[in-house]
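Numbered from 1 within each chain, the chains take letters A, B, ... in sequence-line order.
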Amino acid sequence: MGMTMTQKILAKHAGLDFVEPGQLIEAKLDLVLGNDVTTPPAIDVFATTCACGVFDRNKVALVPDHFTPNKDIKSADNCKKIREFAKAQGLTHYYEIGDPQMGVEHVILPENGLVAPGDAIIGADSHTCTYGALGAFATGVGSTDLACAMATGQTWFRVPEAILFVLKGTLKKNITSKDLILYIIGMIGVDGALYESMEFAGPGVETLTMADRLTICNMAIEAGGKNGIFPVDQKTMDYLAQFAPERLANKDFTVISADADAVYARTIEIDLAEVPMTVSFPHLPENTKTVGTFDEVTIDQVVIGSCTNGRLEDLRTAAALFKGQKVKKGIRCIILPGSQRVWKEALKEGLLEVFADANCVVSAATCGPCLGGHMGILAKGERCVSTTNRNFVGRMGHPESEVYLSSVPVAVASAIFGRIASPEEIEKK
Amino acid sequence: MNAKGKVFKYGANVDTDVIIPARYLNTADPKELAKHCMEDIDMSFVNRVQPGDIIVGGQNFGCGSSREHAPIAIKASGISCVIAPSFARIFYRNAINMGLPIMESTEASEGIADGDEVEIDFATGIIHDITSGENFTAKPFPAFIQKIIAADGLVGYIAKK
Ligand code: SF4
């Protein structure tokens, strides 16, 4: 019996030749991540482990991105605690506000060359699964796990089964990788991949950019998945050449592919040409509907960005559609670049000017309103179209506000029309 | 390492909210949490439970939030092991990290009756129902998980290393 990609990466990190689903293993980690919400409690637990220091000061990344620039005194205290811990431990990968490498954790870790094929990574943040786009195993854990992993560089895993998604064809015009992942979540449900890996394969993979793959893996957790993972191809190598040249030059990565006789819990075939323009209605990502098949939904706010859709490609798409257009009067449109690097690149390319001309506000490269933190909270009864990844009750503010998850093109069109709209309507305008 | 005690049996999808309701989450003190364990599904649990007793649940035990308080409350109430056909992913992780033994066995979950006396051998995975005389097997924990549990959880295990 062969192994899936995830199983092979886990076996390698556990020093085993073979692992099977359900098996409990202890594995070495290549990177451990924490943010300003999960790290402060982990620092307290860390102190009780009697570890004299972190296992490797180059392999612990701490990113204050959730309530930064600090929202209030409590978040300032939390960030201070992390800053002091990072300094005391001599961590190389601590990202302060304004640092050219700072930003939202799941955007900057790959951009700063900290992720490469074959890595095993845990992060005390559920969207750590994003890094599977590079052919790495990455999953979210809690603060106790983070603390112990910072101390030992290891953690334990239960080897997951996998669902294989075989992609064929190409996405149609105005349909994006975000529509694809929302469509998949709508199909299998928010617990459809519970405890399982979501492995992507098939000829459709090569039609997806790295930004597309990052968006797709980012939302594996929204289907209950333990991780999402893509095979490694030329696009992955090109990405490494751009963002992780040292690891590429030192051959500091391992390309691992699934065995030909790997066993999957089930296989789902998807023709990319059939993926519809999808929006997730409140209050679960699985409540998907196809744009054009529902009654008018008027909105108050649009958010474009986050670790799901805040990459340069996303901002380019948004700017191309906003060019010469205006956000409808009375609607707020917030642009959240995923990282300082993306922010600066968008400035150089003139994208920020397009956004400003269209009457959008461009925010700092942090999480902002995505988790209802600050900088764009919704009032009672307000509706928002957002390119983020969760639309739970109260996710972006008042428990009676609503979040509709969409792709970047749908978000732009919705900002222009003040209701959920299709980018095709902009062309016809 | 063994466990022996009387069984409290519950159905499928026992969620973290019934294990320890959110209204008690203003404390992380195990003793306080134990006072309200299982309260919303079984009011009599806290008065009847004895050290060593065992919970047998249905599938997807521990679904819901990621609160580490749920396994802490069960463990502090004296429960020595939870048996179920399957556990929700985060509860599974948290239970082991907090040093609460859990075992997966569909047969045991179906075959064991409420109130039975049951003995569990963690090293072999054998679950012996003393009342009915029946034996069930669950996959035993690998050595390192047994060590985590013996060290009272992941933090104790790391500290010993
Ligand atoms: S952008 Fe949103 S989903 Fe991503 S890490 Fe920040 S809060 Fe979490």
Does CG in A:Asp17 sit with more than 12 non-hydrogen atoms of other residues, nucleotides or ligands closer than 6.0 Å?
-> no

Near B:Lys4 NZ, under 6.0 Å, is it more than 12 heavy atoms from other residues, nucleotides or ligands?
-> no

Turns out that what part of A:Thr144 lies under 4.5 Å from chain B's heavy atoms comes down to both

Student check: side-chain heavy atoms of A:Thr49 and B:Lys160 closer than 4.5 Å | no

Kindly compute the distance separating CD1 (B:Ile145) from CH2 (A:Trp156), expressed to the nearest 0.5 Å.
-> 5.0 Å

Using non-hydrogen atoms only, which part of A:Phe46 is less than 4.5 Å away from chain B: side chain, backbone, both, or neither?
-> neither

Heavy-atom pair count under 4.5 Å with chain A, highest-scoring of B:Glu104, B:Met98, B:Arg89 = B:Arg89

Looking at A:Val45, A:Asp145, A:Ile25, which has the largest count of heavy-atom pairs under 4.5 Å with chain B?
-> A:Asp145

Just checking heavy atoms, which of residues 146-158 of chain B are less than 4.5 Å from chain A?
-> B:Ile148, B:Leu154, B:Val155, B:Tyr157, B:Ile158

Minimum-distance pair of heavy atoms, taken over all atoms of A:Phe157 and B:Arg93 = CD2-NH1, 4.0 Å

Residues 33-58 of chain B vs chain A, non-hydrogen distance cutoff under 4.5 Å, contacting residues -> none

Pairs under 3.5 angstrom only: tabulate donor-acceptor contacts from the side chains of residues 184-199 of chain A to other protein residues two or more places apart or in another chain.
from: A:Tyr195; atom 1: OH; to: A:Arg158; atom 2: O; distance (Å): 3.3
from: A:Tyr195; atom 1: OH; to: A:Lys226; atom 2: NZ; distance (Å): 3.1
from: A:Ser197; atom 1: OG; to: A:Thr6; atom 2: OG1; distance (Å): 3.3
from: A:Ser197; atom 1: OG; to: A:Asn227; atom 2: OD1; distance (Å): 2.9
from: A:Glu199; atom 1: OE1; to: A:Met5; atom 2: N; distance (Å): 3.1
from: A:Glu199; atom 1: OE2; to: A:Thr4; atom 2: OG1; distance (Å): 3.4
from: A:Glu199; atom 1: OE2; to: A:Met5; atom 2: N; distance (Å): 3.4
from: A:Glu199; atom 1: OE2; to: A:Thr6; atom 2: N; distance (Å): 2.8
from: A:Glu199; atom 1: OE2; to: A:Thr6; atom 2: OG1; distance (Å): 2.7

In residues 127-144 of chain B, which residues are in contact with chain A at a heavy-atom separation under 4.5 Å?
-> B:Lys139, B:Phe141, B:Pro142, B:Phe144

